Amino acid sequence: MQQHPHTSRRRTGRLTGLTAALAAVVGLSTMGGPGAHAADNPYERGPAPTESSIEAPRGPYAVSDVSVSSLSVSGFGGGTIYYPTSTADGTFGAIAISPGFTAYESSIAWLGPRLASQGFVVFTIDTNTALDQPDSRGRQLLAALDYLTQRSAVRGRVDSSRLGVMGHSMGGGGSLEAAKTRPSLQAAIPLTPWNLDKTWPEVRTPTLIFGADGDSIAPVSSHAEPFYTNLPSSLDRAYLELNSASHFTPNSSNTTIAKYSVSWLKRFIDNDTRYEQFFCPLPQRSLTIEEYRGNCPHTS
Ligand code: 9J3
Ligand code: ZN
């Protein structure tokens, strides 16, 4: 059953515009009141977040999914689209997620329903071959987003102006490649990323990089940390190093990955400043966070 979030209809873009127009015509704009907030964010979805709501195994939206056969698409290897079942809240921002070297969609599948239940359309993909390198994975993430917004069965549920990318390992390296290629992306989240290219001055997309302190396949000292350091210092960027974690920690349900990913996606894909509280001021070192770096307040 749908646990329907109590977002009011006036928060949709069309109705906010209508409200503003009516307010102007009738002269209500100086009267205030709940129906006259010209500054309401049209992309905000779902109820106000709490620490427990972003840590929960599922968010407020019931989730459906549709399988996409590799035979029906080109430029990537098919996958599964997870999306909020209800259409009552209008369109949602969307993300594509790539697995790592030799891995399949199943290795990142937990993120599909977890993130979609918070109010995103999430496309977990397979790559054309399991051996594809980061630059190819970046192109495939973009092909998947293009399929999602232009041809998929749920294209009408997606706001094509609010898109992001995630990926594990070479898929995380691919997320950086995708952001470098397509600066209109609103958020990127590489998970224990791997790439031979260490420098990302071209990136204009707000980027949250997860590293793992015990990663011996993509050691943070030669991957996640230099990737973070070599993003523009003017960018909204963050580096979260997971404590007692390995290269494969992103391959199963992880509350720290989920809560900060949800917050980053909400903040930058939905422009939802209600989530800024979770990484600004910067999180402290803890049992789950070895280290956190970032800018605060955010600039975009
Ligand atoms: O996607 C990954 O797990 C990248 C790490 C790797 O196996 O690199 C070796 C070439
Ligand atoms: Zn570079």
Side-chain angles (χ1 to χ4, degrees), residues 70 75-80 95-112 123-144 164-185 187-242 244-254 256-257 261 293:
S70 63
F76 66 107
T80 307
I95 59 170
I97 311 179
S98 167
F101 189 61
T102 72
Y104 298 94
E105 182 200 355
S106 57
S107 68
I108 39 102
W110 72 275
L111 288 160
F123 197 1
T124 56
I125 68 166
D126 270 321
T127 46
N128 291 322
T129 86
L131 306 183
D132 292 339
Q133 296 296 296
D135 59 339
S136 170
R137 288 172 196 266
R139 291 189 294 273
Q140 295 185 54
L141 283 164
L142 297 177
V165 288
M166 295 178 69
H168 174 235
S169 196
M170 285 194 190
S175 305
L176 290 162
E177 303 277 359
K180 172 178 170 175
T181 302
R182 190 175 291 184
S184 63
L185 292 179
I189 308 182
L191 307 169
T192 59
W194 188 99
N195 204 315
L196 293 174
D197 187 349
K198 312 299 181 185
T199 63
W200 304 95
E202 311 89 348
V203 172
R204 297 294 177 268
T205 297
T207 299
L208 164 61
I209 299 179
F210 283 91
D213 58 354
D215 193 333
S216 55
I217 294 172
V220 296
S221 58
S222 54
H223 294 272
E225 289 182 334
F227 300 164
Y228 169 80
T229 305
N230 292 314
L231 289 165
S233 57
S234 58
L235 189 69
D236 286 317
R237 58 176 182 164
Y239 171 65
L240 192 162
E241 189 173 310
L242 298 162
S244 298
S246 79
H247 186 63
F248 301 105
T249 295
N251 294 141
S252 49
S253 298
N254 181 286
T256 305
I257 291 173
S261 294
R293 306 181 207 173

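The analysis underlying the following values was restricted to heavy atoms, covering all of them including side chains, and did not include hydrogens, waters or symmetry mates. When a ligand or atom number is given, it counts from 1 through the structure's own listing order. Source: prediction; values computed, not measured.
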Going by the 4.0 angstrom heavy-atom rule, the piece of Trp194 near ligand 1 is side chain
For a side-chain hydrogen bond (donor to acceptor under 3.5 Å, both in side chains) with Gln140, tell me which candidate from Thr127, Asp135, Asp132 qualifies. Asp132
Nitrogen or oxygen of His247 less than 3.5 angstrom from that of ligand 1: yes
Calculate the angle formed at the Zn ion (ligand 2) by OD2 in Asp197 and O in Thr199; 10° precision is enough. 120°
Which residue from Gly174, Pro193, Ser169, Ala218 reaches closest to atom 2 (C) of ligand 1 through any of its heavy atoms? Ser169
Aromatic ring pairing Phe227/Trp200, orientation class (parallel under 30°, perpendicular over 60°, tilted between): perpendicular
Please check if the side chain of Glu225 supplies one atom and the backbone of His223 the other of a donor-acceptor pair under 3.5 Å. no
How are the rings of Phe76 and Phe123 set to each other: parallel, tilted or perpendicular (split at 30° and 60°)? perpendicular
For Ile209 against Ala224, the heavy-atom pair lying closest together: CG2-CB, 3.8 Å
Closest heavy-atom approach to atom 6 (C) of ligand 1 among Thr102, Asp132, Ile217 is made by Ile217
Backbone or side chain, does any N or O of Phe101 fall under 3.5 Å from an N or O of ligand 1? yes
Check this for me - ligand 1, Met170, N or O atoms closer than 3.5 angstrom, yes or no? yes
If I compare all heavy atoms of Leu235 with all of Thr207, which pair ends up nearest, and what's the gap? CD2-OG1, 4.3 Å
Against heavy atoms of Gly100, which atoms of ligand 1 measure under 4.0 Å? 1 (O)
